[in-house]
Protein chains: 2
Amino acid sequence: MITLSQSTEDYLEAMLIISLERGVVRVKDLAAHLQVKAPSVVATTKRLVREGLVRHERYGYLELTAQGLQIAQEIYTRHKNLFRFLHLFLGVDEKTAERDACQMEHHISPETMGRIVQFLEFIEACPAEESHWIAAFRQFTATGTLPTYCTSPHGEASAYTRTSHTQGDTAMPPKTLADLPAGQQAEVARVGGEMALKSRLLEMGIVPGTKITVERVAPLGDPVEVTVRGYRLSLRREEAAVIVIKER
Amino acid sequence: MITLSQSTEDYLEAMLIISLERGVVRVKDLAAHLQVKAPSVVATTKRLVREGLVRHERYGYLELTAQGLQIAQEIYTRHKNLFRFLHLFLGVDEKTAERDACQMEHHISPETMGRIVQFLEFIEACPAEESHWIAAFRQFTATGTLPTYCTSPHGEASAYTRTSHTQGDTAMPPKTLADLPAGQQAEVARVGGEMALKSRLLEMGIVPGTKITVERVAPLGDPVEVTVRGYRLSLRREEAAVIVIKER
DNA sequence: AAATAAAGTTAGATGAGGTTAACATCCCCC
DNA sequence: GGGGGATGTTAACCTCATCTAACTTTATTT
Ligand SMILES: [Mn+2]
Ligand SMILES: [Mn+2]
Ligand SMILES: [Mn+2]
Ligand SMILES: [Mn+2]
């Protein structure tokens, strides 16, 4: 069992991703993807060829060997699972979750990775309605407010729960469609987000004043199924999150 | 803001730990702790002195500066929180959780770290009785069996849920006291563990045949409060885990 | 088909982080 | 107070991973 450095693992992973996107892999793609200069790619590639993980035709394409492909897939799978865990479950923002996942993927044991995958499976197998707690956790990270049935052990608030809210310390209500549990109805207050997304949503009939009912929320909050003016829509979490609501 | 490599961060962390344990830090302690030869310590130390994070008296002790201490503490705090998360929540075994924590501590963003700390706080603030799901997750990791109210999304079992059980595919019942939720009663089948622990437990009256009632389980399953022969005992999770039971 | 642009390679340098072998210093014990 | 073992330092070397500058090969224009 060869043991690879973080850097070389990233070369393999990048080769896999590029080959999926573009079909073939060239030195400059790899250099761009890894934010590194071409000679670095050539040097590392040589080592990988020596290890039997990569083939390289002089002045031509790079290619993963069977063994290289297998390793790359393992890394990439870890990456995707970690990302899911960080972004969908812990609620870390996309960019950061992406970066962290691509770091952690090299440093996490199979045991821990296994537990995380199991945890994701567990959560996805158990409907969100049944275990209300994910929503409660989201609420907590956003506002620092615990559900009423929770008793703070030391009465101390975490230094991390510092959502620059200038408002008083009353519990803040859910604010966007992404915060609503299944079965709730709400009125659209405002649609935020980028212009492209915004107009797509407005086109669907999601305009201020519209009443939206949340029908089902997938295990990790993605996607959300809603009813708007009698139509059934399935919204991605990112979409639901830009729809500001007044709760009723 | 200086950015340090994994390796140098570990030097600082090790210095903190050694100084807490032994009072002073010497080259050979550091070498032993980091599994590295003395000249490596000297070389890295020189860099750290240059950065103003460490003081070093020739042929004498090493010492963290105020700035070095602060960084070391941050790393060590991350380490401990990650360990808690991995071991107590995800259920990764101690050794592995320790190793993984000491890797992840260098590669995790403040955002993600914050979410993890919040999650631990959240879980600890919400009594286990209320949200039954942690116990259900433990059950799942141990046996691969989901609670009845859960619906497997694809009917596929994870490759990770492979508890080398030679038995049929019937759901395996909980086996040790650590697996029991609050309110359950069970009879001791066998007491395992190391001799010292074993005899301590036997002394407490925990012998095969004894009936034990689980009164309360702390948020992460540590400690467990039980009643044995009318006595109230508080057991550490590690202790409860060596008590094999027949469920009744 | 020649000229030019783009992509890839080589050479040589740098710095981190590790090693072994040899030497220097400290300190305890007789 | 002088040895001798433990500890620390230096020197010389290694690999990995990156860089820049200069060169070669391939691809695209004109
Ligand atoms: Mn990566
Ligand atoms: Mn990655
Ligand atoms: Mn570490
Ligand atoms: Mn650590």
Side-chain angles (χ1 to χ4, degrees), chain A residues 1-15 18-19 21-64 68 71-72 75 102-103 105-107, chain B residues 1-15 18-19 21-64 68 71-72 75 102-103 105-107:
Chain A
M1 189 69 200
I2 359 163
T3 173
L4 303 167
S5 72
Q6 150 150 209
S7 167
T8 45
E9 286 192 354
D10 277 334
Y11 276 84
L12 294 176
E13 187 193 30
M15 284 186 68
I18 293 166
S19 71
E21 276 174 3
R22 294 254 229 289
V24 294
V25 184
R26 303 152 108 282
V27 169
K28 82 163 172 150
D29 298 331
L30 219 35
H33 196 281
L34 295 167
Q35 313 231 66
V36 123
K37 297 296 192 284
S40 306
V41 174
V42 175
T44 303
T45 286
K46 268 185 188 145
R47 254 176 283 134
L48 289 170
V49 169
R50 176 152 40 84
E51 304 271 0
L53 304 176
V54 166
R55 271 184 300 273
H56 185 195
E57 192 193 346
R58 208 151 193 281
Y59 288 102
Y61 297 136
L62 295 163
E63 206 181 350
L64 289 165
I71 294 174
I75 297 162
C102 207
Q103 289 287 114
E105 68 191 4
H106 312 287
H107 302 289
Chain B
M1 189 69 204
I2 3 164
T3 174
L4 302 166
S5 71
Q6 151 149 212
S7 166
T8 46
E9 287 192 352
D10 276 334
Y11 275 86
L12 295 177
E13 187 193 31
M15 284 185 68
I18 293 167
S19 71
E21 277 175 1
R22 295 256 231 286
V24 294
V25 184
R26 309 162 87 249
V27 169
K28 83 162 173 149
D29 298 331
L30 220 34
H33 197 280
L34 296 166
Q35 313 232 67
V36 122
K37 297 300 193 284
S40 305
V41 174
V42 175
T44 303
T45 286
K46 268 185 188 148
R47 255 175 283 135
L48 289 170
V49 168
R50 177 151 41 82
E51 304 269 2
L53 303 176
V54 166
R55 273 185 297 274
H56 185 195
E57 193 191 345
R58 205 150 197 282
Y59 288 105
Y61 296 137
L62 295 164
E63 207 180 349
L64 289 165
I71 295 174
I75 298 162
C102 206
Q103 289 287 113
E105 67 191 4
H106 313 287
H107 302 289

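Just so it is clear, the structure is predicted and the values come from calculations on it, not from any experiment. The chains referred to below are lettered A, B, ... by the order of the sequence lines, with proteins before strands, and numbering in each begins at 1.
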Original post:
For E13(A) and C102(A), which heavy atoms make the closest approach, and how far apart are they?
Top reply: OE1-SG, 3.5 Å
Subject >> Which atom of Y61(B) lies closest to which atom of H56(B), heavy atoms considered >> reply: O-CD2, 3.6 Å
Original post:
Would you say a side-chain N or O of Y61(B) is under 4.0 Å from OP1 or OP2 of dT7(D)?
Top reply: no
Original post:
Is S7(B) near enough to dA16(C) that one of its side-chain N or O atoms lies under 4.0 angstrom from OP1 or OP2?
Top reply: no
Original post:
Is any side-chain nitrogen or oxygen of K46(A) closer than 4.0 Å to OP1 or OP2 of dT9(C)?
Top reply: no
**OP:** Look at all strands and tell whether A43(B) reaches a base, only sugar-phosphate, or nothing, counting heavy atoms closer than 4.0 Å.
**Re:** nothing
Original post:
Does a donor on one side chain and an acceptor on the other come within less than 3.5 Å for D10(B) and H106(B)?
Top reply: yes
**OP:** Using the side-chain contact (heavy atoms from CB on, under 4.5 Å) rule, take T44(A) and L30(A) through it: C-alpha gap first, then chi angles, then the decisive distance, then the call.
**Re:** CA-CA 11 Å; T44(A) 303; L30(A) 219 35; over 6 Å; no
**OP:** Let me know, please, whether R50(B) or Q35(B) comes out on the 5' side of the other along DNA chain C by nearest nucleotide.
**Re:** R50(B)
Subject >> Closest-nucleotide ordering on DNA chain D, the 5'-leading residue of A38(A) and Y59(A) >> reply: A38(A)
Original post:
Looking only at side-chain N and O atoms, does T44(A) come under 4.0 Å of OP1 or OP2 in dC16(D)?
Top reply: no
Original post:
Any side-chain N or O of H56(A) under 4.0 Å from OP1/OP2 of dG8(C)?
Top reply: no
Original post:
Over how many whole Å does the gap from E57(B) atom CD to dT25(C) atom P extend?
Top reply: 15 Å
Original post:
Base, sugar-phosphate, or nothing for V36(A), non-hydrogen atoms under 4.0 angstrom?
Top reply: sugar-phosphate
Subject >> Minimum-distance pair of heavy atoms, taken over all atoms of L64(B) and L12(B) >> reply: CD2-CD2, 3.6 Å
**OP:** List in numerical order all residues of residues 21-31 of chain A for which some heavy atom is under 4.0 Å away from an atom belonging to DNA chain D.
**Re:** none
Subject >> Nearest-Å distance for atom pair CZ/P, residues R58(A) and dT25(D) >> reply: 8 Å
Subject >> Nucleotide dT9(D), atom C1' - distance to NZ of K37(B) in whole Å >> reply: 16 Å
Original post:
Hey, does the side chain of S5(A) come within less than 4.0 Å of dC16(D)'s phosphate (OP1/OP2), counting only N and O?
Top reply: no
**OP:** Keeping to residues at least two apart or across chains, list the salt bridge (charged side-chain N to carboxylate O under 4.0 Å, His left out) pairs with something in residues 54-63 of chain A.
**Re:** R55(A)-E63(A)
Subject >> Residue pair R26(B) / L62(B): nearest heavy atoms and the distance that separates them >> reply: C-CD1, 4.2 Å
Subject >> Gap between atoms CD1 and P, on I18(A) and dA7(C) respectively (whole Å) >> reply: 14 Å
Original post:
Given atom CD of E9(A) and atom P of dC16(D), what is their separation to the nearest angstrom?
Top reply: 15 Å
